[in-house]
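Chain identifiers are assigned alphabetically (A, B, ...) following the order of the sequence lines, protein sequences preceding nucleic acid strands; residue numbering begins at 1 within each chain. Hydrogens, waters and symmetry mates play no part in the numbers below; they use all other heavy atoms, side chains included.
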Protein chains: 2
Amino acid sequence: MTQYQKNKQLTDLVLEVFQLNGQFLQAGDRLTRPFGLTSARWQVMGAVYLAGQPLTVAQIGRRMGLSRQAVQRIANDLEKLGFCSFAPNPDHARAKLVLLTDKGQDTLTTLNRAQEQWVTELGKGLDEKAISNALTLLRQVGHNNMTIEKDTE
Amino acid sequence: MTQYQKNKQLTDLVLEVFQLNGQFLQAGDRLTRPFGLTSARWQVMGAVYLAGQPLTVAQIGRRMGLSRQAVQRIANDLEKLGFCSFAPNPDHARAKLVLLTDKGQDTLTTLNRAQEQWVTELGKGLDEKAISNALTLLRQVGHNNMTIEKDTE
DNA sequence: GTCGAATTGACAATATATTGTCAATTGTTT
DNA sequence: AAACAATTGACAATATATTGTCAATTCGAC
């Protein structure tokens with residue numbers, strides 16, 4: 001296989017990632033709509049859920065690759081809707097902690113079940129080994145890209 | 001491998017796609033910045049380039065999964081900057097055709113070279129077959145997802 | 001050809017994202 | 001502890017995206 005063909009495959013993979021990103025976001029919006037959520041709101045709630053402990057807005061932003069301001073706005077929305085609340089942070093007077101309310105926890109649990117169902121459908125007819133191989137490759141690509149960006153800056 | 005583990009792998013793959021999408025967009029912005037472009041503008045120009053013929057704004061939107069309005073705004077910007085121009089459409093009185101100017105063509109050619117260089121770096125140390133296997137799997141995932149969305153609507 | 005449905009660009013209104021600035025706070029260095 | 005740099009939330013300004021509406025136009029059914 002020539003370098004040209006390899007590059008072509010990888011370029012097509014990049015384009016496919018763009019496509020899938022859009023599709024997944026759409027699926028996320030569909031799954032969350034019944035709860036008054038969106039993919040973006042789900043992402044913020046998920047960050048707190050995955051951390052297993054309250055996080056500050058800035059921490060969520062760093063973990064998810066979002067700006068502080070974007071997370072702040074979403075967190076404020078989520079508080080208004082009752083999915084999360086702010087608690088004083090003993091380690092930082094200004095940086096309040098975002099934590100999930102019971103309603104937020106319950107919604108996330110329900111959403112996780114819906115997501116599990118969705119991903120099961122998504123995997124129909126696909127070989128498990130092929131999935132893990134693809135995941136490994138994507139992670140390698142991500143790692144290479146980070147190296148490139150680091151060198152470039 | 002249990003169904004649970006397969007789902008976990010696929011969920012991680014979805015999350016990795018989100019990560020990569022952000023990284024690729026960032027790389028695209030970096031590559032295009034010297035020309036006064038962005039990833040979004042590049043995408044619109046690329047659609048016309050790939051088609052090999054002038055396209056209407058609505059056609060570009062459909063092909064790229066963007067709204068008409070978003071493409072229209074970007075196309076207007078590109079015209080102001082001299083990268084593309086509008087031509088009368090013999091088949092449709094209102095829907096003008098977007099075509100690349102010489103400047104647009106030249107810039108795209110240069111960008112393609114830069115992209116080729118970037119993707120070569122991105123592929124360093126990766127096996128060609130692994131890339132094409134991953135691409136195949138991602139396309140299958142995309143196809144499955146389209147089926148799900150279609151059933152759901 | 002005529003009618004109705006679908007497409008299109010323009011425009012407006014709203015929502016969301018990005019970027020920069022500021023003062024309060026925290027962490028680090030000395 | 002004093003000085004300085006980095007982080008943080010709040011706010012503002014701008015940029016971009018989304019959604020809905022409208023009239024002009026095109027297309028299809030008949």
Side-chain angles (χ1 to χ4, degrees), chain A residues 18 21-30 32-33 36-45 47-48 51 54-81 83-99, chain B residues 18 21-23 25-26 28-30 32-33 36-45 47-48 51 54-81 83-99:
Chain A
F18 287 143
N21 182 75
Q23 288 186 30
F24 291 160
L25 283 180
Q26 191 176 339
D29 285 338
R30 179 174 58 75
T32 55
R33 192 175 310 128
L37 295 175
T38 63
S39 289
R41 289 172 174 178
W42 190 11
Q43 184 183 22
V44 169
M45 292 174 68
V48 180
L55 297 175
T56 67
V57 163
Q59 284 174 329
I60 296 172
R62 273 193 298 271
R63 297 189 180 203
M64 297 287 125
L66 305 169
S67 72
R68 282 182 295 133
Q69 291 84 342
V71 175
Q72 186 73 52
R73 189 185 55 77
I74 293 171
N76 290 343
D77 290 348
L78 289 174
E79 191 208 14
K80 278 206 187 70
L81 294 169
F83 292 104
C84 71
S85 61
F86 295 105
N89 183 351
D91 295 333
H92 198 301
R94 302 193 70 191
K96 287 179 289 186
L97 290 171
V98 179
L99 52 92
Chain B
F18 287 143
N21 182 74
Q23 287 186 30
L25 284 180
Q26 191 175 338
D29 285 338
R30 180 174 58 76
T32 54
R33 192 175 310 127
L37 294 175
T38 62
S39 289
R41 289 172 174 178
W42 190 11
Q43 186 183 20
V44 169
M45 291 175 68
V48 180
L55 297 176
T56 68
V57 163
Q59 284 175 328
I60 296 172
R62 273 193 299 272
R63 297 190 180 203
M64 297 286 125
L66 306 169
S67 71
R68 283 182 295 132
Q69 292 84 340
V71 175
Q72 186 73 52
R73 190 184 56 77
I74 293 172
N76 291 342
D77 290 347
L78 289 173
E79 191 207 14
K80 277 204 187 73
L81 294 169
F83 291 104
C84 72
S85 61
F86 296 106
N89 183 351
D91 296 332
H92 198 300
R94 301 193 71 192
K96 286 179 289 185
L97 291 170
V98 178
L99 53 92

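- If you check the side chains of Thr38(A) and Asp29(A), you find no donor sitting under 3.5 Å from an acceptor.
- Ala51(B) pairs by the side-chain contact (heavy atoms from CB on, under 4.5 Å) definition with Gln53(B), Leu55(B), Arg63(B), not counting sequence neighbours.
- Using a 4.5 Å heavy-atom cutoff, the side chains of Leu78(A) and Leu37(A) are in contact.
- Between Leu81(B) and Gly36(B) the shortest heavy-atom distance is CD1-O, 4.1 Å.
- Protein chain B touches strand DNA chain C; the 5'-most and 3'-most nucleotides with an atom under 4.0 angstrom of its non-hydrogen atoms are dT8(C) to dC11(C).
- Summarising the geometry, the separation between NE2 on His92(B) and P on dT26(D) is reported as 5 Å, rounded to the nearest angstrom.
- For Arg68(B) and dT25(D), the CZ to C1' distance is 13 Å, given to the nearest whole Å.
- For the helix from dG1(C)-dC30(D) to dT30(C)-dA1(D), the rotation axes defined at the first and last 5 base pairs enclose an angle of 50°, given to the nearest 10°.
- Nucleic acid contact class of Arg62(B) (heavy atoms, under 4.0 Å, all strands): sugar-phosphate only.
- Toward the 5' end of DNA chain C, the nearer of the two residues Thr38(A) and Ala93(A), judged by each one's closest nucleotide, is Thr38(A).
- Place Ala70(A) and Ala58(B) on DNA chain C by their nearest nucleotides, and Ala58(B) ends up nearer the 5' end.
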*For the pair Phe18(A) and Leu25(B), evaluate side chain to side chain contact (heavy atoms under 4.5 Å, CB included) and give the outcome as yes or no after the intermediate values.*
CA-CA 9 Å; Phe18(A) 287 143; Leu25(B) 284 180; 3.9 Å; yes
